[in-house]
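Reminder, nothing fancy here: chain letters follow the sequence lines and each chain counts from 1.
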Amino acid sequence: MSSGCWSPLPGMADLGPPEIRLWQRVEADARRILALYRVEELRTPILERTSLFQRAIGEETDVVQKEMFTFEDRGGRSLTLRPEGTAGAIRALCDVGAEAGSRVFYLGPMFRAERPQAGRRRQFHQLGVELLGPPAPEADAECIALMWRILSEWGLADARLRLHTRGTVADQPAVREGLRARLAEVRDALCEDCQRRLDRQPLRVLDCKQAGCQQLMAGLPALTTFLAEDSRRYLDRVATLLSSLQIEAMVDGRLVRGLDYYEHTIWEATHPALGAQDAIAGGGRYRIEAEGRVVEGVGFAIGLERVMMALQARGVAPPPDPAPAVWLVSVGDRATAENLVLAERLRSAGVPCGADWSGRSVKAQMRAAHKAGAVWAAVRGDEELAAGTCRLKHMASGEERTVAVDELAAVVSGPA
RNA sequence: GUGGAUGUAGCUCAGCUGGCAGAGCGCCAGGUUGUGGCCCUGGGUGUCGCGGGUUCGAAUCCCGUCAUCCACCCCA
């Protein structure tokens, strides 16, 4: 409501109950699947040297050009909050000397200084996977299968998967020049943005949403015609492998990735329940030169906020608040103090237990027990303290009986 | 970075031909000297985003500003 120091920064949100429970469920589902694929967690710093991202992602990309949170530390070093996870993961894996065969996932916040809108935050969260190893269609297909299985586990198998290739590094000049030459013929018909893209990022023109440009793109020869034969065969192979896995992927020549490190296979999953920002996951094969060595791998990242939006659009609600087995109701100051001790005893016995220490009326405390969804309410006053008992009420039936305090844990743990 | 819409109670919102700031839900208390839900009664919990201006008088009209949402752009 206000912009004071007590409200979060634009595009950055607090996340707590009840939504956090859906996040926890989604994360637990993903971890279970990842274990099946022998992919282990990697946690890297969210702050890195700016040069890491410039080198890995590409100096000319939009992400590096205008979307990074970059600042100088006290020593004048340029630091950046990670805008994506691959660069840091590769850096970390090189650091520990990991080689082809490393299989890791990461889960955490990423930062991009964009204008917030539906499905786009400045701090957002990704689940990413990196499978290191040299190019092999089977490796790419396995990676896509993993992503698809995670989405399916979440109930998002109605996502749409699009597939394409960037070709190899060697193909890039031919693709750029070929595309540029064909586009130059229609230059004047392109929108302003695209005319500018022509020189620096001709591939981006394919992605333009302007109706006029889209029509022109439709008339262009397939991107693959500019690629070497081997690159085309690689894409065909991945597509064939996916259909053998019953994964439906549409080969789409207009699919583009924004980061420079991709080569060969690229893909993206969009979800029909989302708005303008409908990509829930994207990935590809990459090749990153790090300190004189070349790291090859294949990976993807899933945007968790968008996953939550898709789930909510599908009517998936956060799991319910965990209800306490028993709620302690205190009559008088002595009982209140004694109930604190009792609560700890119950918890030591593994019994989820709630109470309030406000000294309010029994009526108010019972109301709190009801609201918390407690199965039982245990009432204690001076009389019960003297007798070593409590009045135990079963909330659903309203039945009430006297139970020895020493037996309370056993009774409330047993069948209601 | 550009454009449009919206900011009133904890939440959802009404009030906007300028004239005492409201509803529903929620919350609190009572109806039950020690018992929840349903019902009844009572309680408004507020910097009308913020700062100026016009006016006898502004939540309402004007200007500015901040924030949020949506879209462009870009991407997960």
Identify each atom pair where a protein N or O and an N or O of nucleotides 2-5 of chain B are less than 3.5 Å apart, giving names and distance.
from: U2(B); atom 1: O4; to: R115(A); atom 2: NH1; distance (Å): 2.5

Pairing partner (Watson-Crick or G-U wobble, both distances under 3.5 angstrom) of [N]:
N      : answer
U32(B) : none
A5(B)  : U68(B)
A14(B) : none

Please encode protein proximity along nucleotides 32-40 of chain B as a string of B, S and -, counting only heavy-atom distances under 4.0 Å. --BBBB---
Cationic N near anionic O, under 4.0 Å, E400(A) to R391(A): yes
Ion pair check, D29(A) and R25(A), cut-off under 4.0 Å: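 A salt bridge links D29(A) with R25(A).
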Donor-acceptor check, side chain of E384(A) to backbone of G381(A), threshold 3.5 angstrom: yes or no? yes
For nucleotides G53(B) and C11(B), find the distance between their P atoms and express it as a whole number of Å. 31 Å
U68(B) and A76(B): how far apart are their P atoms, nearest whole angstrom? 23 Å
Is it the case that over 12 heavy atoms from other parts of the model lie below 6.0 angstrom from the CZ atom of R32(A)?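 Yes, because the 6.0 Å sphere around CZ of R32(A) holds more than 12 heavy atoms from other groups.
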Return yes when atom CZ of R182(A) has more than 12 non-hydrogen atoms of other residues, nucleotides or ligands closer than 6.0 Å, and no otherwise.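 Count not over threshold, so no.
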Given E289(A), E84(A), R166(A), R287(A), the one that forms side-chain hydrogen bond (donor to acceptor under 3.5 Å, both in side chains) with Y261(A): E84(A)
On RNA chain B, nearest-nucleotide positions of S361(A) versus G283(A): which is more 5'?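 That would be S361(A).
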Establish whether the base of C73(B) is bridged to the side chain of Q117(A) by a donor-acceptor pair shorter than 3.5 Å.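 Answer is yes: a donor-acceptor pair is held.
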Is there a donor on the side chain of R120(A) or the base of C74(B) sitting less than 3.5 Å from an acceptor on the other?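 By the distance-only test, yes, there is a pair.
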For residues S78(A) and R49(A), determine if any side-chain heavy atom of one lies less than 4.5 Å from a side-chain heavy atom of the other. no
Is there a donor-acceptor contact under 3.5 Å linking the side chains of Y234(A) and R285(A)?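 On atom types as modelled, these side chains qualify, holding a pair under 3.5 Å.
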